[in-house]
Amino acid sequence: MEEKVNMLINIGEKIVGKKDEIGVDDIEVYLSRADTFNSRVITNYVTVRSGIDAGAGIRVAIGKKVAFVSISSLDVDKILETAKLAAKIAKTKEEDPNFTHLPDPMRGYGRHAIFDENLYSLGSEELSRYVSRFVKETKQISNMRKMDLFLTRVNYAYAIVNSRGISVGDYGSVMFVWYEIDLEDGGRRGKGMDIYITRKLSEEELFAVLPKAVNMAKEGLRAKKPKEPFRGDAIIDPWIMSSIHWPLAYNVSALNVQEGRSRFIGMIDKEVANRNLTILDDGTLPEGLSTNMSDDEGIPMRRKVLIEKGVLKTYLYDTYTAYRENKQSTGNAKRNGYRSQPSPSVTNLVFESTTGKKLEDLIREVDRGVLLRGEAMGSHLINPLKGSMAITCLNALYIEGGEVKYPLEAITMSADYFEFLKKIDTVGSDYRITTVGKIPTIIARDVYFS
């Protein structure tokens, strides 16, 4: 994989070396190459796709006029023509009064994430065998009504080169598996799901998602409606927490703060969460999905305390937002591939444990409440400014007297998001790697269920 990174850097340096010919003051070239295998199975319908998506995003500056253009090619001549097009567009732009210049290099580079040669080297035939095993084992379940499987493996490499001295890249391999099953028995239906995300393949952990999902679905077959709306404690599993993290990420974005669309404006060194809650943004987490040698502007990724004992300690900056305040970037520039410009975002969130207890022990600490697990419906509808939140869980368990009493049919947890952060007083130790970081089970006290 290193040779692919070097190839991308070499292409970027050739383009940047023609800055004067292009006719700009500054130029940045972001290049990426992703070799992806995707398979989707919906009961008897199977699709398999594999291929390479490669290209470059070019950002240029003429004074305070900035333009960005992308191209789905790694051909030097085509990228050069695209850079010249970006220069023409920049000349027509209005000046951005908040733009200073493209990123300057910073000393040091971040940590290389775990790289599993076995995961990287898996071919389409081997990955298809994994899919076939899921299908075969699922079809042996007599009351299976529907299955939904999504398996993807991505081998990626990227590089950032600019005219101010940045020239860096990195590579990695990631597997993502989503498995969901619907069971039917006597007219009743139950749904279960589990997810596997990794940079280091374990076949045992991979195929463990199937029995976990099946057991959850079996529980759903005997689910009951809540007797009445009530207030109680919410035990929230890593996947639910990952789906509702985004309003926090939204409000700590320096761009949203500077543009006046954050609830955390002026809240540095002020309490925004429970005093037991400490959250890190760790771009050096070895197993983290967002860990790389640099962020998407070539700035070193690092470990930062975002919230310490309930107190907000920093916003998250890319270079554009950092230079507006005469600060350094926190290494949080992220892109959605080469077709997009960078903006500040979280890397890997890590909730620090307040106890060594895991799920079974945490349940014993709840007098009355609900274990929210699986999939959260409505998480995308949380209002990140007003804080209104209502999420519905289809796989919840009712808890009373420190014991699981029975599975619940769809139940909704409602809360003000910012008050919810202040009600998280317990963070367990049963971490899972998710799409947003390293997340354990947590307990939020006194929320409303209906």
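Being a predicted model, the structure only gives us computed values, none of them experimental.
Within 6.0 Å of CE in Met106 there are more than 12 heavy atoms belonging to other residues, nucleotides or ligands. In Lys334, the NZ atom is crowded: over 12 heavy atoms of neighbouring residues, nucleotides or ligands sit closer than 6.0 Å. Within 6.0 Å of CD in Glu2 there are 12 or fewer heavy atoms belonging to other residues, nucleotides or ligands. Annotation for Asp446: atom CG counts as buried by contact number, over 12 foreign heavy atoms lying within 6.0 Å.
A donor atom on one side chain and an acceptor atom on the other are found under 3.5 Å apart for Tyr338 and Ser72. For the residue pair Asn348/Thr291, the side-chain donor-acceptor check at 3.5 Å is satisfied. Ser329 and Glu297 are not linked by any side-chain donor-acceptor pair at a separation below 3.5 angstrom, with hydrogens and angles left out of the test. Side chains of Asn256 and Arg261: a donor-acceptor N/O pair is present below 3.5 angstrom, by distance only. Checking Asp281 against Thr347 by side-chain atom types alone, a donor-acceptor pair falls below 3.5 Å. Residues Thr354 and Thr426 bring no donor and acceptor atom of their side chains to less than 3.5 Å of each other. Thr284 and Asp282 share a side-chain donor-acceptor pair at under 3.5 Å. Side-chain N/O atoms of Ser242 and Thr434 include a donor and acceptor closer than 3.5 Å.
Counting heavy atoms from C-beta outward, Asp318 and Gln341 have side chains that stay 4.5 Å or more apart. Taking 4.5 Å as the limit, some side-chain heavy atom of Asp296 sits within range of a side-chain heavy atom of Tyr30. When side chains are defined from C-beta on, Ile411 counts as touching Leu408, because their heavy atoms get closer than 4.5 Å. Considering only heavy atoms from C-beta on, Glu28 stays 4.5 Å or farther from Val161 through its side chain.
A donor-acceptor pair is defined here as one N or O able to donate and one able to accept, closer than 3.5 Å; such a pair exists between the side chain of Asp237 and the backbone of Gly374. Lys224 contributes no side-chain N or O that, together with a main-chain N or O of Arg222, makes up a donor-acceptor pair within less than 3.5 Å. Of the possible polar contacts, one joining the Trp246 side chain to the Ser379 backbone as a donor-acceptor pair under 3.5 Å is found. Between the side chain of Arg303 and the backbone N or O of Leu280 there is no donor-acceptor pair closer than 3.5 Å.
Cation-pi geometry between Arg133 and Phe207 is satisfied (NZ or CZ under 6.0 Å from the ring centre, within 45° of the ring normal). Geometrically, Arg368 engages Phe230 in a cation-pi contact defined by less than 6.0 Å to the ring centre and at most 45° from the axis. For the pair Arg231 and Phe449, the cation-pi test (distance below 6.0 Å, angle within 45°) is failed. Relative to the ring axis of Phe418, Arg263 places its NZ or CZ within 45° and under 6.0 Å from the centre.
Among all heavy-atom pairs drawn from Asn162 and Pro103, the shortest one is ND2-O, 2.8 Å. Annotation for Met175 and Leu201: closest pair SD-CD1, 3.9 Å, computed over non-hydrogen atoms. Arg33 and Ile52 get closest at one heavy-atom pair: NH2-CD1, 2.9 Å. Nearest approach of Leu362 to Gly428, heavy atoms of both residues: CD1-CA, 4.1 Å. Nearest heavy-atom pair across Thr36 and Asn38 is CG2-ND2, 3.6 Å. The minimum heavy-atom distance between Leu151 and Leu127, with the atom names listed, is CD2-CD2, 4.2 Å.
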Q) Could you go step by step and tell me if Lys438 and Glu287 meet the salt bridge (charged side-chain N to carboxylate O under 4.0 Å, His left out) rule? A) CA-CA 9 Å; Lys438 188 176 180 181; Glu287 63 270 41; 3.5 Å; yes

Q: Give the intermediate values and the outcome of salt bridge (charged side-chain N to carboxylate O under 4.0 Å, His left out) for residues Lys14 and Asp77.
A: CA-CA 10 Å; Lys14 287 180 179 178; Asp77 291 335; over 6 Å; no

Q. Can you check side chain to side chain donor-acceptor pair (under 3.5 Å) on Thr412 and Thr392, steps first, answer last?
A. CA-CA 4 Å; Thr412 299; Thr392 300; 2.8 Å; yes

Q.
Using salt bridge (charged side-chain N to carboxylate O under 4.0 Å, His left out), reason through Lys139 and Glu137 one step at a time and then give a plain yes or no.
A. CA-CA 6 Å; Lys139 288 191 173 182; Glu137 293 186 11; over 6 Å; no

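Every residue two or more places apart in sequence or in another chain that forms a side chain to side chain contact (heavy atoms under 4.5 Å, CB included) with Ala56 is listed here: Val29, Leu31, Ile58, Ile71, Ile79.
We find that Glu184 and Arg189 are joined by a salt bridge, their nearest charged nitrogen and carboxylate oxygen being less than 4.0 Å apart.
Applying the salt bridge (charged side-chain N to carboxylate O under 4.0 Å, His left out) test to pairs two or more places apart or on separate chains, those with a residue in residues 171-183 are Glu180-Lys191.
Checked against the 6.0 Å centroid criterion, the rings of Tyr156 and Tyr171 do not qualify as a close aromatic pair. Ring pair Tyr398/Tyr406: centre-to-centre distance below 6.0 Å. For Phe264 and Tyr315, the distance between ring centers is not under 6.0 angstrom.
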